[in-house]
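Protein chains get the first letters and strands the later ones, always in sequence-line order, with residue 1 at the start of each.
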2 protein chains.
Amino acid sequence: MNPISSEIASSFRRHGLRCTAQRYAVFQYLLKHPRHPTVEEIRKAINRHDPRASRATVYNSLHALVEAGLIREVSIAGQATRFECHIERHHHFVCDRCERIEDVEWFDFEEIAKKSGITSHSIREVVFQGLCANCLSRTGR
Amino acid sequence: MNPISSEIASSFRRHGLRCTAQRYAVFQYLLKHPRHPTVEEIRKAINRHDPRASRATVYNSLHALVEAGLIREVSIAGQATRFECHIERHHHFVCDRCERIEDVEWFDFEEIAKKSGITSHSIREVVFQGLCANCLSRTGR
DNA sequence: TTTTGTGCAAAAGGTTTGCATACGA
DNA sequence: TCGTATGCAAACCTTTTGCACAAAA
């Protein structure tokens, strides 16, 4: 395992999280792999090195990090839950075909939404579903 | 069971679907309950009367009806899959707290989306996530 | 030393699958 | 009759839970 960054360790503590090797490995993995990995992807990856982490621990770690606001959960319908360390507000796009997930720059829907029957909601995130440019060009439609 | 509507029966046939009692019951239920029921809700409801349907059959029926374009699947992250017979294009809103799902009138995002880093996607649906008016007023935030 | 996290295995949903039987056309 | 749908039970996947043990502070 890499040496523990004291920055990360103290960031953990600042958020009331003990700095365990497993938790640290999970977070490190997310820092290095910003492509919305699933829980299994994370678990397999970190278990190629020390320390190893059980499934339950990976779930625990992820939830603790989400609670602390250090990472974000990306729940996509029909897919296993994914996680990212990109915590600024943003939206997501999911391709119906290849299931690729893309980050979409934040923009405010309130005004648009109001015109369309959503009244006074506080919108946390919007998920676009459709075909990505790749799949679109590959199929014509 | 209610008498079989020959309209529905012939609509099934027009779409290449045999008109089985179970399939019919599933479809009828969706017609009468437009509030995005889950598979279990549908199954329990139709099994209060004749004909009864097994879990597998309810899934089969729903998938066949979706294939045929007679109903729509509503996949919401973190929830069991739901179905509706409202097949015109529309969006959905999901409340983070009470999990209520609301239909949102269709509107075209392409223009808005382009400005925000989505390029040339064909958008099928947009899911808004946030707090519904109810939960918003109940909590202040 | 105290508290919190970890590992394991089992359980809990939701959904799919395989196969023998029943039923619609 | 032929081909497709149904029912059942088992399998599968993701996620949660309970509990004894280990590690952080």
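Between C:dT6, D:dT6, C:dG14, one nucleotide has an atom nearer to the side chain of A:T20 than all others, and that is C:dT6. Residue B:A53 has its side chain nearest to D:dG7 when only D:dG7, D:dT14, C:dT6 are considered.
A residue-by-residue look at B:S54 and B:R18 shows that B:R18 has its nearest nucleotide of DNA chain D further toward the 5' end. Across the interface with DNA chain C, nearest-nucleotide mapping of B:L17 and A:R23 shows A:R23 to be the residue nearer the 5′ end. Nearer to the 5' terminus of DNA chain C, by closest-nucleotide assignment, is the contact made by B:V39 (compared with the other of B:V39 and B:R13).
For the pair B:N47 CG and D:dT6 P, the computed distance is 13 Å after rounding to whole Å. Between B:I76 atom CD1 and C:dG13 atom C1' there is a gap of 18 Å when expressed in whole angstrom units. Across the protein-nucleic acid pair, A:R43 atom CZ and C:dC8 atom C1' stand 12 Å apart, rounded to whole Å. The separation between B:F27 atom CZ and D:dA5 atom P is 17 Å, rounded to whole Å. Between the CZ atom of A:F12 and the P atom of D:dA23 there is a distance of 19 Å, given to the nearest Å. With rounding to whole Å, A:R82 atom CZ is found 16 Å from D:dC13 atom P. C:dT4 atom P lies 18 Å from atom NE2 of A:H15, rounded to whole Å. For the pair B:I42 CD1 and C:dT15 P, the computed distance is 11 Å after rounding to whole Å.
Backbone-only contact: B:T81 has heavy atoms under 4.0 Å from sugar-phosphate atoms and none from a base. Using a 4.0 Å heavy-atom cutoff across all strands shown, B:R55 reaches at least one base atom of the nucleic acid.
One finds no side-chain N or O of B:Q79 lying less than 4.0 angstrom from the OP1 or OP2 phosphate oxygen of C:dG13. Of the side-chain N and O atoms in B:Q22, one or more sit less than 4.0 angstrom from OP1 or OP2 of D:dG7.
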Task: Chi angles and distances behind the side-chain contact (heavy atoms from CB on, under 4.5 Å) call for B:V126, B:V104 - done: CA-CA 9 Å; B:V126 169; B:V104 176; over 6 Å; no

- [ ] Please lay out, stage by stage, how B:Y29 and B:F27 fare under the test ring pair (Phe, Tyr, Trp, His ring centres under 6.0 Å).
- [x] CA-CA 5 Å; B:Y29 183 81; B:F27 189 61; over 10 Å; no

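The distance from the CG atom of A:L70 to the CG atom of A:L31 is 9.5 Å, given to the nearest 0.5 Å.
Ion pairing between a basic and an acidic side chain is recognised when a charged N comes within 4.0 Å of a carboxylate O; B:R89 and B:E125 show no such pairing.
Classification of the A:W106-A:H91 ring pair by plane angle, with boundaries at 30° and 60°, yields parallel. Using a 30° and 60° split on the angle between ring planes, B:H86 and B:H90 fall in the parallel class, below 30°. Using the six-membered ring where Trp is involved, A:Y59 and A:H63 have ring planes that are tilted, between 30° and 60° apart.
Contacts with DNA chain C (heavy atom under 4.0 Å) in residues 56-65 of chain B: B:A56, B:Y59, B:H63, listed by number.
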